[in-house]
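If you read the sequence from its start, that first residue is 1, and numbering goes on from there.
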Amino acid sequence: MSQDGRLLIVDDEEVAVRNLARVMTREGYRVTTAMSGSEGLSLIERQTFDLVLTDLRMERVDGMALLKATRASQPDAEVIVITGYATTETAVAAMKQGAFHYIAKPFHFDEVRQVVVEAMTKVRLRQENRRLRDEIASYRGKARFITQDPATRRILELARQVAPTDCNVLVSGDSGTGKELLVGFLHEHSNRHKGPFIAVNCGAFNKDLFANELFGHEKEAFTGASSARKGLIEAASGGTLFLDEITEMPAEMQVKLLRVLQEREVLRLGATAPVKVDVRFVAATNRDLMRAIADGLLRQDLYFRLNVIALHIPPLAERRDDIPLLAQHFLNKCALQTGKPIKAIAPAVLERLKAMAFPGNVRQLENLIERGVALSSGETIELEHLPEPPSLPSPADTDQAKNRLCSLQEQERQHILFVLAEAGGNKTLAAQILGIDRASLWRKLKRFELDSG
Ligand SMILES: Nc1ncnc2c1ncn2[C@@H]1O[C@H](COP(=O)(O)OP(=O)(O)OP(=O)(O)O)[C@@H](O)[C@H]1O
Ligand SMILES: [Mg+2]
């Protein structure tokens, strides 16, 4: 084990310092020495140490003062005090102040060595713990958009550049490509990151509820409105409003929203005067935008307003180099969250992943890795921890034409099975890809008598 711990030795007895320093340097520690308490103090104020080994009795600044200073400015460090006169009182006082240990002079170097190893181990553990906690916090907090694909990196770079501006942004990409993550990234890299981030799923409300949610109302605007209420647009003032699934917004609302984007003000229901708002609008969709406009799902004028900056995230299958990178990222994240000692993905698994179609994109990959981590009891995810790949057609029915000469129902059955297999058996995801709700998928599976559960 390498011992590159940073050790500070303080004693006003020169010989004692020199001897200790020699022994500890030989043990592999990075040793700094101080010949007085005040010299030690100024070192503690300027540098970081893992362990301070100090004599208790010194002129002017004594060991107790050093102990207190270390506790105050170096929360990870430990202190070992050496007492020339083994008075229990001072030893007890030092321990009370948080010293790791005390050693009475004269001591054996072996004894010191042993105590130093113990203290260093404790410091290591504490530092490691903190690092893990920080890492977990970084996964939870700041959005880390991982990619090494050149085209996607350019998108991320563009996002970083436009983040501090107040331009409206429209993010597009298939389901599970990381649109929401990218929107979070935009907010966190904007000057509004201390302000609110409010996400609205535009498909979640009918038009009346929606108007109320977005614009709020004055007191008595309608029966039951016993008090005035701010809408989400106003609530997002100073921050970002994320309009997810923008194409699902009722047409009437799109007109109203357009007005907000133009005037930068909202009119609460039942109000006579509008309120100014300072909101950055970011919208997202997993539909093909041109088709959504052609189909009348998204008003063209609203589209132009929102689409000041367009960020399109390519599907995972078009950036296969991201697959191993993301897989390892999700593995680390999952290992941290579950506390499992899992570290690697077997090469065969990576091969299989790199060849998959990934209709559910990054979310599907994340689910696969989570499942693999859950199933594995060792340090690696092996092939057996992946769901069965969709079975290849047997030689008897490779004839495509023959395959296609089947009823619509059979075609549907095959397609559902295929999607379900690609989605790693995840029914929620499969339903999402198929564009039907989970309940319908269950019903269909029941009908096919495929669902054993
Ligand atoms: N590049 C990436 N780096 C790290 N994690 C990612 C990346 N892309 C996606 N993810 C993760 O994949 C999952 C799905 O991403 P997200 O919810 O942002 O997708 P989405 O495009 O909004 O999907 P949907 O269209 O279904 O709403 C999330 O857990 C997200 O953190
Ligand atoms: Mg989303």
Side-chain angles (χ1 to χ4, degrees), residues 1-138 141 336:
M1 197 183 87
S2 88
Q3 294 180 322
D4 54 353
R6 294 155 299 184
L7 180 60
L8 173 64
I9 301 173
V10 192
D11 199 328
D12 52 7
E13 249 180 79
E14 202 185 321
V15 185
V17 170
R18 237 191 292 129
N19 285 338
L20 266 175
R22 189 164 30 83
V23 173
M24 290 304 149
T25 307
R26 210 186 299 139
E27 292 290 301
Y29 299 111
R30 281 184 280 156
V31 176
T32 309
T33 53
M35 301 294 179
S36 71
S38 37
E39 195 189 339
L41 195 59
S42 76
L43 280 168
I44 286 168
E45 278 159 7
R46 281 183 285 121
Q47 295 180 32
T48 315
F49 297 99
D50 299 311
L51 182 60
V52 178
L53 204 58
T54 178
D55 189 22
L56 203 52
R57 284 252 188 127
M58 289 180 294
E59 297 278 309
R60 297 221 323 279
V61 179
D62 66 5
M64 286 301 269
L66 279 188
L67 172 57
K68 278 182 203 159
T70 310
R71 303 301 297 163
S73 65
Q74 314 217 5
D76 278 346
E78 288 293 344
V79 179
I80 295 171
V81 292
I82 299 175
T83 57
Y85 319 82
T87 67
T88 28
E89 274 145 68
T90 43
V92 169
M95 296 304 283
K96 271 200 180 142
Q97 289 295 326
F100 179 77
H101 204 82
Y102 72 93
I103 296 170
K105 281 184 193 174
F107 50 74
H108 282 295
F109 282 121
D110 275 347
E111 182 190 359
V112 184
R113 229 182 256 135
Q114 181 59 30
V115 175
V116 166
V117 166
E118 281 166 22
M120 283 288 185
T121 307
K122 186 171 171 193
V123 171
R124 275 288 138 67
L125 281 175
R126 189 152 52 212
Q127 287 166 347
E128 180 66 5
N129 242 315
R130 181 197 307 286
R131 194 186 59 73
L132 287 177
R133 262 205 316 274
D134 288 353
E135 206 167 316
I136 291 177
S138 82
L336 264 179

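E59 places no side-chain N or O within 3.5 Å of a backbone atom of S38 that could act as its donor or acceptor partner. Although no hydrogens or angles enter the test, the distance criterion places a donor-acceptor pair under 3.5 Å between the side chain of E39 and the main chain of M35.
When side chains are defined from C-beta on, V116 does not count as touching E27, because their heavy atoms never get closer than 4.5 Å. Counting heavy atoms from C-beta on, the side chains of E78 and R126 come closer than 4.5 Å. Side-chain contact check for V112 versus V23: every heavy-atom pair is 4.5 Å or farther apart. The closest side-chain heavy-atom distance from R71 to Q97 is not below 4.5 Å. At least one side-chain heavy atom of I103 sits less than 4.5 Å from a side-chain heavy atom of I80. The side-chain heavy atoms of R22 and R26, taken from C-beta on, include a pair separated by under 4.5 Å. Residues K122 and E118 are not in side-chain contact: their nearest non-hydrogen atoms beyond the backbone lie 4.5 Å or more apart. Using a 4.5 Å cut-off on side-chain heavy atoms (C-beta onward), I44 and L66 make contact.
Rounding to the nearest 0.5 Å places CG of L56 at 6.5 Å from OG1 of T83. To the nearest 0.5 Å, atom CD of residue Q127 and atom CE of residue M120 are 9.0 Å apart. For the atom pair K105 NZ and D11 CG, the distance stands at 4.0 Å (nearest 0.5 Å).
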Under the criterion side-chain contact (heavy atoms from CB on, under 4.5 Å), I'd like the reasoning laid out for T48 against Q74: C-alpha separation, chi angles, the key distance, then a yes or no. CA-CA 7 Å; T48 315; Q74 314 217 5; 3.7 Å; yes
So F100 and V123, side-chain contact (heavy atoms from CB on, under 4.5 Å) or not? Walk me through it. CA-CA 10 Å; F100 179 77; V123 171; over 6 Å; no
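The shortest non-hydrogen separation linking A119 to L51 is CB-CD1, 3.7 Å. Considering every non-hydrogen atom in both T54 and G63, the closest pair reads OG1-CA, 4.0 Å.
At a threshold of 4.0 Å, the pair R124-E128 does not count as salt-bridged, since none of the basic side-chain nitrogens sits closer than that to a carboxylate oxygen. D50 and R30 are not joined by a salt bridge, as no carboxylate oxygen comes within less than 4.0 angstrom of a charged side-chain nitrogen.
Of the listed residues (I9, T25, L7), just one forms a side-chain contact (heavy atoms from CB on, under 4.5 Å) with L20, and that residue is I9.
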